[in-house]
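Here is the naming used below: chain letters follow the sequence lines, and residue numbers restart at 1 for every chain. Both backbone and side-chain heavy atoms feed into the values below; hydrogens, waters and symmetry mates do not.
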2 protein chains.
Amino acid sequence: MARSTHVRRPATLASLAAELGVSRTTVSNAYNRPDQLSPELRRRVLETARRLGYPGPDPVARSLRTRKAGAVGLLLTENLSYAFRDPAALGFLEGLALACEGAGQGLHLVPVNPEREDVAAVHRAGVDGFVVYSVPDDDPHLAAVLSRPVPTVVADQPHVEGVDRVGIDDRAAITALATRLIALGHRRVGVVCMRLARDRNDGFVTVERADSAHFHVQRARLAGLADAFGAVGVDWSRVPVVERFDHSVGSGASATAQLLDADPHVTAVICTSDILALGALAEARRRGLRVPQDLTVTGFDGIADADRAGLTTVRQPVLEKGRAAGKLLLASPDPTRPREIVLETEFVPGATAAPPRTAEERWFGP
Amino acid sequence: MARSTHVRRPATLASLAAELGVSRTTVSNAYNRPDQLSPELRRRVLETARRLGYPGPDPVARSLRTRKAGAVGLLLTENLSYAFRDPAALGFLEGLALACEGAGQGLHLVPVNPEREDVAAVHRAGVDGFVVYSVPDDDPHLAAVLSRPVPTVVADQPHVEGVDRVGIDDRAAITALATRLIALGHRRVGVVCMRLARDRNDGFVTVERADSAHFHVQRARLAGLADAFGAVGVDWSRVPVVERFDHSVGSGASATAQLLDADPHVTAVICTSDILALGALAEARRRGLRVPQDLTVTGFDGIADADRAGLTTVRQPVLEKGRAAGKLLLASPDPTRPREIVLETEFVPGATAAPPRTAEERWFGP
DNA sequence: TGGATTGACCGTAACGGTTCAGAACCAATT
DNA sequence: AATTGGTTCTGAACCGTTACGGTCAATCCA
């Protein structure tokens, strides 16, 4: 296949018009409003354009004039590449891409260097709006996005007053799960959660840290657990909660190890994500603990791998969430009051939850 | 968290300058060249900006003036969402994102409506360059990209003269794999491949169709197989090749079924992707055929699921490919001659290939 | 002391389009 | 003959910014 002549010719709409002896308006119309000029002239314009190597109206100049970039910006808290690793984020991304595609909008992934707090990329992005996915409420990039005069939709977290949002009821969803565990008889539980703030804290979580977490989703899930277990008289402040900065199966495993080392009598490990729960399953296996006979493990999200592992978890519609975020952003440019979409979740019984063994059973077998 | 006052104020750099009684240049410098004005004045500028609700220089206007958009466009042949499903595409995407992130460039996913041949989105994308991933050589979007006066890198396919490229040696890679099968004794084989052109053809492939395939990668892989088997006297024109338009495990399964129905004596099913091969494994299982004792199955790509399944395949560095594409695009804007990066592949022995059973064994057991 | 240097700021000219209110022209209607 | 209506094309005003080449006063150096 031969490449079209690719000389860097600075042909512009104006130079084309001059060459043809017509006005710039006419050339513009040839591209954008074919009905505004005679077919014959239009043909001549396009023909001359080809001859001069004019690639058609410059998209940036057009955007400047029309105030439309034709793209949606996506801000993630993590490396871009992280989004391609985490199944839940991926589902969200897919849904968002679907929505953008449907509206003919591009999807502009904003590069975030997690090391430096370089907010410039946000200011440099030529987009008509932003979707912010799962960032901490004190993220400087978020502040930069909000300072831009374009509509914004936040997905999952954080809650920002006056900004459209799409998410789930994390607190209620995990409360429902906890209620099942309570019904099964679990009282002595441990929790493994994702990062609660921008600073790294791989270890136990104090009540204050949990309450002041900058990641609203994690805060809500912990609060939901506290609700449920508090309601049956469990002293929540004594329930061990282990935090991990990196969201990976390995993290889930090491956190579970830390938890079980600290309190071997825990009957259930409740994880705030499936990825972490898969790690918990691995650690249980490593210790020779049978799941669910010896240890109950639960997750959150409902990713495919969790399904495969038969994990007891909560399924949330990640793809739908992404799509909803996109639609919300693209639908009505500027309503007076912020909208909020709360999607439904579903408890997945799975096969990793069972009644706790009694102490006798634990020592002497069933 | 309170939202900053979000009045849609048309404050511009000029109005700010007027308010302050300084030139526009000075305001611009306050944002872009802090060393070009006194700290005191800069403070005043920023303070006034805040007061007036000026969000900082408009990215589009800046792009127009500087001729830099700060983003890389990505063109995929499929729905955007497809890219988030196919592990190989995903790996590529991740690598590309990594490269962009490293250079502080955004990644602009160009929306492609596979139904309509709507090329407008390509013309509307404000980007500094394009990466084209795995599109057919007659794709109109590709033509549109090439008509834009920005650097372009093609990944995998197609070969376009004068355009930088990154890929692997598909032909040699699959020839190496075929050579192993030949060494094991396979002579009567069948092939399952991905779509060869933009039109849907779910079924057997003629030699002409294979030779004139618009997807260079598939063409090369088929040619590589023809090379290897032709060299040992197999009449390639009689080897059944089944094509599937949709790239999915289900497609692999149904294609394999079609293949085995047509020729039950086939001893090996060679698939041009791991996804298809996973389908072949499923179909073999469904038929009660043991792999590799009763049937040899091979794939291509080296995705994680293939690894898990112990598939005999060829691993290609998809992430590295994406990263290389990004680096190539961002590195030197305009060299005189096109560059080509060919990455190494690796044969993965796996456990789904074995010597074919003889006819006796087939009927009477080993 | 006088010429060179430096720091701080400014004016103008792009950057490459789109848009909208008409002008010019012609044919058909009143 | 004047009016109307429709097509086709034009002129000029933006869109919001940054690049470039200055000016001007203060400072420095010998």
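Residue contacts for N29(B): at a heavy-atom cut-off of 4.0 Å it reaches no nucleic acid atom on any strand shown. Among the heavy atoms of the strands, none lies under 4.0 Å from V60(A). Counting any heavy atom pair closer than 4.0 Å across all strands shown, S38(A) reaches sugar-phosphate atoms only and no base atom. Among the heavy atoms of the strands lying under 4.0 Å from R67(B) are primed sugar atoms or P, OP1, OP2 only; no base atom is included. Here L64(A) lies in heavy-atom contact (under 4.0 Å) with a base. Base engagement by T25(A) is indicated by at least one non-hydrogen atom pair under 4.0 Å involving a base atom.
Without hydrogens or angle criteria, R165(B) side chain to D156(B) main chain gives a donor-acceptor distance under 3.5 Å. Between the side chain of T48(A) and the main chain of R44(A), a donor-acceptor pair closer than 3.5 Å is present. A donor-acceptor pair is defined here as one N or O able to donate and one able to accept, closer than 3.5 Å; such a pair exists between the side chain of T66(B) and the backbone of R62(B). Under a 3.5 Å cut-off, the side chain of D164(A) and the backbone N or O of V153(A) do not form any donor-acceptor pair.
To the nearest angstrom, P of dT17(D) lies 18 Å from CG of D58(A). In this structure, the CZ atom of R24(A) is 22 Å from the P atom of dT8(D), given to the nearest Å. Between R33(B) atom CZ and dC20(D) atom C1' the separation is 10 Å, expressed in whole Å. Separating the CG atom of L16(B) from the C1' atom of dG16(D) is a distance of 12 Å, rounded to the nearest angstrom.
When DNA chain C is scanned in the 5' to 3' direction for atoms under 4.0 Å from non-hydrogen atoms of chain A, the outermost contacting nucleotides are dG16(C) to dC20(C).
Aromatic ring pairs are classed by plane angle as parallel below 30°, tilted from 30° to 60° and perpendicular above 60°; the pair Y31(B) and Y54(B) is perpendicular. Between F84(B) and F84(A), the two ring planes are parallel [angle under 30°; tilted spans 30° to 60°].
For R65(B) and dT18(D), a side-chain-to-base donor-acceptor distance below 3.5 Å is present, hydrogens and geometry of angles not being considered.
Across every non-hydrogen atom of P111(A) and A121(A), the tightest pair is O-CB, 3.4 Å.
For the pair A61(B) and V22(B), nearest-nucleotide mapping onto DNA chain C gives the more 5' position to V22(B).
The phosphate of dC15(D) has neither OP1 nor OP2 within less than 4.0 Å of any side-chain N or O from S63(A).
A search for side-chain contact (heavy atoms from CB on, under 4.5 Å) contacts involving V60(A) returns D58(A), V60(B), S63(B), L64(B), not counting sequence neighbours.
Proximity of residues 39-50 of chain A to DNA chain C (heavy atom under 4.0 angstrom from any strand atom) is not detected for any residue.
Inspection of the N29(B) and R42(B) side chains reveals no N or O donor paired with an N or O acceptor under 3.5 Å.
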